[in-house]
Amino acid sequence: MWVLCEHRRRLFVCPLSKEEGLAGRLRFEVGESTWLEEEVRALKSQAQPIQVQHLLVSSPSELLTPPGQQEGSFHLSSPRSHSDRGPLAPELDFSSLPLTCLQELCNAWFERYHPWFPVLHKLSVLGTLQDEAPLSESPLLIVIKAIVAVTIPHWCSSNPLSQEERKRLSELFREQVIIQSISNLSLQSLQAVLIVTNIDYGGGKLSEFWNLVALCKRMGVQLGLRDLVANKGDNFNKLSTIPPRMISAPSSLIELEEKIRAYWMTEVLDSMSSLGAGWNLSLSRPENEAWFPCNETVWSFPENATSFSSFGDSEVSSAFSVYLNLVTHQLYQVHVFLQQSYDASSAVDRTRWQAQCMVVDDHLNKWRASDLTIDNPSHAGFQSDSTSVLTSVTFDTAIIALYQRLALPPKGLGEVHGPWYYAIQRCLSACDSMSTTIRAIADADLENMSPHTIFCIFVAARFYLVHAKILSVEIPRSLDLLIYGLKTCGQRWYFARRLERVLYTAISERQVAISKSILPSQFWDLQYSSLDIDHVLSIWAEDNTS
């Protein structure tokens, strides 16, 4: 007979004879530590190793890995007990995934996700899977687990799992990544949490997403990433005019670049996901002189194949750098403007807000004119890669968020002030621009877009519908392109399917009075941003699921 015993936060498998079984358990339960220590010493003195296969424990999360385990097998702990995992078979854990499946999922990540989420060095990750050393000993294990959590619901044809099993594995690995990252601070832990944020955002779980982003920001502070990027490492354990930090400098160019990218991706997720909100967001002030990510072509090289003293020495701009410059620098002024309060009933305040709004808009337009990568898709310089598309639709979303509250006055003030037609035209132009961008993208590419594209499309489609209903005008034909874009994104992301259902309901109520609409009334009020109404729309969608 064997029992699992805990002593000094470690687990031991202790042998008991049939006669000693009951008495032994009773002695353990009353806390006779002397007996336990004797049994442990007896266990250590045995010549034959103990074989324990696929043992899962929940607290503490520590695994007994048997000697002589099969090559290519990975024995990992689970953040929850076996009994809590419902119908998921016990053998369906990370250890059950063959190396070919892991390689396929990692290749899927770099092919379909990395173009708009470039936080990892491809050759380093793929090289780890080809390494002869056990994966369980690699610091990249948690990163690979995060990649599997994101990709396994959609890919891996080499492993014939059911859709339900894929979903359950994704949920299990997501939980493991978060728990392990909280208890073990490292760059790899931060990268893993950043990766799994795509699961929550793509699932429309914005509260959970923001919680993970907050975790990433705090982890980045402890790792000194903002100090590294803003001060270019000048205060890392050396004398300088800047107060030093007792944090070791990156040991390689790859580690340096990955830290730079982890910092900027955290900032991008924080700013992008809150675009349009009028709340106090406490966003980081932009760093004008800071390290930016290197060019993607350079980033695809192995470190020993480059002649650069740092990856950032390349003079060729990165599409990712252009995108993060927009989101973290240019949109900062949009966030600041939207967080200001004004008296909608005051003509003076309204005039002041209109003037400030146009100043921010002018600043954005000057930035856009300086870079052709986000020009109109009809322009010869437009690039249809996923990051450039995301940059373009984000810019259009910023214009709508900037103007929509001023375009149509709140209920009761429309007769006093009337619509601001300039703001309406700016919003409609941004919606048209976004629909043109969506039309220029192939369906396969649109399906592989970032889930943050979903929010941008919904913001534009909502403005089309509310504008048409309030002013009793025809709905633009371009709305069809936006809804088609959501439908295509919905092939992968549930968030898109949920918002698509909201839009179809709004279209069906084209002739219905707002007071009789089955949608939440806030949907038709542009004083509320799309973020403001997301929670009530999610509740509505759950209650009206057919």
Side-chain angles (χ1 to χ4, degrees), residues 113-119 150 190 193-217 220 261-287 292-293 318-339 360 364 367-368 371 373-374 385-402 404 430 434 437 449-460 462 485-486 489 493 495-496 499 529-532 534:
Y113 299 79
H114 177 81
W116 46 264
F117 210 90
V119 295
V150 174
L190 173 57
V193 177
L194 285 171
I195 289 170
V196 300
T197 61
N198 289 292
I199 298 175
D200 290 344
Y201 196 93
K205 301 176 181 179
L206 299 193
S207 294
E208 290 87 340
F209 168 83
W210 283 320
N211 288 339
L212 292 185
V213 172
L215 173 62
C216 291
K217 288 180 74 71
R261 287 169 179 257
Y263 169 78
W264 284 117
M265 183 56 74
T266 304
E267 295 300 307
V268 162
L269 295 180
D270 192 20
S271 177
M272 177 63 191
S273 64
S274 56
L275 180 57
W279 331 316
N280 181 13
L281 300 171
S282 300
L283 293 173
S284 303
R285 184 176 294 277
E287 297 288 350
F292 264 44
S318 163
F320 179 54
S321 294
V322 174
Y323 172 62
L324 69 85
N325 180 273
L326 168 66
V327 176
T328 63
H329 286 63
Q330 311 308 320
L331 297 192
Y332 182 76
Q333 297 303 320
V334 177
H335 286 294
V336 171
F337 173 77
L338 293 177
Q339 291 176 44
V360 177
L364 288 174
W367 178 84
R368 180 169 190 167
D371 200 309
T373 58
I374 62 165
D385 64 272
S386 57
T387 305
S388 296
V389 170
L390 186 57
T391 303
S392 181
V393 298
T394 300
F395 184 93
D396 294 329
T397 304
I399 298 299
I400 300 170
L402 189 64
Q404 77 169 36
M434 191 181 303
T437 300
M449 287 291 164
S450 163
H452 292 273
T453 308
I454 297 167
F455 175 76
C456 297
I457 296 175
F458 179 74
V459 169
R462 180 192 174 209
L486 278 184
C489 291
W493 308 113
F495 192 24
L499 296 180
S529 72
S530 295
L531 285 178
D532 293 327
D534 178 75

Are any non-hydrogen side-chain atoms of [X] and [Y] less than 4.5 angstrom apart?
X: Leu326; Y: Arg368; answer: no
X: Leu269; Y: Tyr201; answer: no
X: Asn198; Y: Tyr113; answer: no
X: Leu390; Y: Phe320; answer: no
X: Val334; Y: Val360; answer: yes
X: Tyr263; Y: Pro293; answer: no
X: Gln330; Y: Pro286; answer: no

Euclidean distance, [Y] [atom2] relative to [X] [atom1], rounded to 0.5 Å:
X: Ser450; Y: Phe455; atom1: OG; atom2: CZ; answer: 12.5 Å
X: Leu402; Y: Gln333; atom1: CG; atom2: CD; answer: 11.0 Å
X: Asp270; Y: Leu283; atom1: CG; atom2: CG; answer: 5.0 Å
X: Arg462; Y: Ile400; atom1: CZ; atom2: CD1; answer: 11.0 Å
X: Met434; Y: Ile399; atom1: CE; atom2: CD1; answer: 10.5 Å
X: Leu212; Y: Ile195; atom1: CG; atom2: CD1; answer: 12.5 Å

Are the side chain of [X] and the backbone N or O of [Y] linked by a donor-acceptor pair below 3.5 Å?
X: Ser271; Y: Glu267; value: no
X: Ser392; Y: Ser388; value: no
X: Thr387; Y: Pro115; value: yes
X: Asp200; Y: Thr197; value: no

Quick one, Thr266 with Leu194, criterion side-chain contact (heavy atoms from CB on, under 4.5 Å). Give me CA distance, side-chain angles, the key distance, then yes/no. CA-CA 7 Å; Thr266 304; Leu194 285 171; 3.5 Å; yes
Under the side-chain contact (heavy atoms from CB on, under 4.5 Å) rule, collect the residues that match up with Asp534, sequence neighbours excluded.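 Checked Asp534 against side-chain contact (heavy atoms from CB on, under 4.5 Å); matches are Leu206, Phe495, Arg498.
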side-chain contact (heavy atoms from CB on, under 4.5 Å) for Val213 and Phe209? Distances and angles first, verdict last. CA-CA 6 Å; Val213 172; Phe209 168 83; 3.6 Å; yes
Identify the two heavy atoms, one from [X] and one from [Y], that lie closest to each other, and give their separation to 0.1 Å.
X: Trp493; Y: Gly202; result: CE3-CA, 3.4 Å
X: Ala277; Y: Leu531; result: CB-CD1, 4.0 Å
X: Pro118; Y: Arg261; result: O-NH1, 2.8 Å

Using the rule side-chain contact (heavy atoms from CB on, under 4.5 Å), only one of Leu324, Thr397, Thr394 pairs with Met272; which is it?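 Per the side-chain contact (heavy atoms from CB on, under 4.5 Å) rule, the option paired with Met272 is Thr394, out of Leu324, Thr397, Thr394.
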Partner of Ser386 under side-chain contact (heavy atoms from CB on, under 4.5 Å), chosen from Trp116, Tyr323, Phe117: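 It is Trp116, the one option of Trp116, Tyr323, Phe117 that forms the side-chain contact (heavy atoms from CB on, under 4.5 Å) with Ser386.
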Parallel, tilted or perpendicular: which fits the ring planes of Trp264 and His329, with parallel below 30° and perpendicular above 60°?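 Judged by the thresholds at 30° and 60°, the geometry between Trp264 and His329 is tilted.
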Which is it for Ser529 and Asp532 under the side-chain hydrogen bond (donor to acceptor under 3.5 Å, both in side chains) test, yes or no, and what are the steps along the way? CA-CA 5 Å; Ser529 72; Asp532 293 327; 3.1 Å; yes
